[in-house]
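Only heavy atoms go into these numbers, but all of them, side chains included; no hydrogens, no water, no symmetry mates. Indexing begins at 1, ligand by ligand and atom by atom, following the structure's order. In what follows, residues are counted from 1 in the order of the sequence shown.
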Amino acid sequence: MSKASVAIHKFSSCDGCQLALLNLGEPLLQLAELVDIHHFAEAGVLDENAKVDIAIIEGSISTAHDIARLDKIRENSRYLMSIGACATSGGIQALRNMADTQQWMADIYATPAVIDSLDNSTAIKNHVRVDLELWGCPINQRQILLALRALLFGVLPVDEHDKVCMECKRQQNVCLMVTKNEPCMGPVTRTGCGALCPSVGRDCYGCYGPAEKANTQAMANRLQGLGLVKDELARRFLFINSGADVFHQQGIRLQEND
Ligand code: SF4
Ligand code: SF4
């Protein structure tokens, strides 16, 4: 029986999600025995145009060339998975979508004309059909292994869209918002990280994007009750996942609300 073929592609990103894959350690060696990796530039394997069973994509779309590359990748893959905040919502670089890109390029660079960039940084799903999204900055290693394992067994991976609070409670953490008045975004943020920040005493800052049925207005009201002022409130939503619809709309509402 032939092995499943995999390609890992990168667009605009910091490489952190690919590093999460590389840092898998022993499971990566086991994975390498189960699949044929055709393209993974971070690991030194190069064949960008290979036709594969599973394409994994990190990074957001920022240039016209990116769009052409992405179309080709979609054409060459049976199953396409986008990984990380950059690929699922446009990432931290999508903050520029709320500014005048041409203007800030002119303000910052001596020769902005040589910069080839679209005005917006967008998610992979804005351009091609995506079969599964793994959110987070960076992605969680457990999630990617589970997704690949499911695909190798021939079943669809589970889409985890519960809230961080659920995971936090399962770990029996004492709630930071209730006991310490920390502005924790857990009630509206997608699970998957293992409630990493609350487990070490830090409030969640929403890097896994919006959870299913996230009540962002109630969250904003609660944060306001904790003393956050308008700009701080808006920035809780307009941060790593400012391009995710639910967070974006709430952040803009807060910014416009005098
Ligand atoms: S989602 Fe975060 S860790 Fe992953 S590539 Fe983007 S910026 Fe880096
Ligand atoms: S600490 Fe944060 S994630 Fe944990 S239960 Fe409280 S609000 Fe939810």
Fill in: N, O or S atoms of the protein lying under 2.8 Å from atom 8 (Fe) of ligand 1
C14 SG

Practice prompt. Give a yes or no on whether a salt bridge exists between K10 and D15, defined as a side-chain N under 4.0 angstrom from a carboxylate O.
Written response: yes

Fill in: Connected hydrophobic set around I115, excluding itself, where side chains approach under 4.5 Å
W104, M105, I108, Y109, V114

Worksheet item: Does a side-chain N-to-carboxylate-O contact under 4.0 Å join D131 and R129?
Response: yes

Worksheet item: Heavy-atom contact under 4.0 Å between G136 and ligand 1?
Response: yes

Worksheet entry | Contact residues of ligand 2 (heavy atom under 4.0 Å), by chain and number | V164, C165, C168, K169, C175, L176, M177, C184, G186, P187, P198

Worksheet item: At their closest point, which heavy atom of G59 faces which heavy atom of S13, and how far apart are they?
Response: CA-CB, 3.6 Å

Worksheet item: Does D159 come within less than 4.0 Å of R190, counting only side-chain N to carboxylate O?
Response: yes

Worksheet entry | Basic-acidic side-chain contact under 4.0 Å: D203, R236 | yes

Discussion item. Test of understanding: with salt bridge (Lys or Arg N to Asp or Glu O under 4.0 Å), list the residues that count as partners of D53, not counting sequence neighbours.
Written reply: R78

Worksheet item: Name the one of L134, I240, T191, T189 that satisfies side chain to side chain contact (heavy atoms under 4.5 Å, CB included) with Y208?
Response: T189

Worksheet item: Would you call K72-E75 a salt bridge at under 4.0 Å N-O?
Response: yes

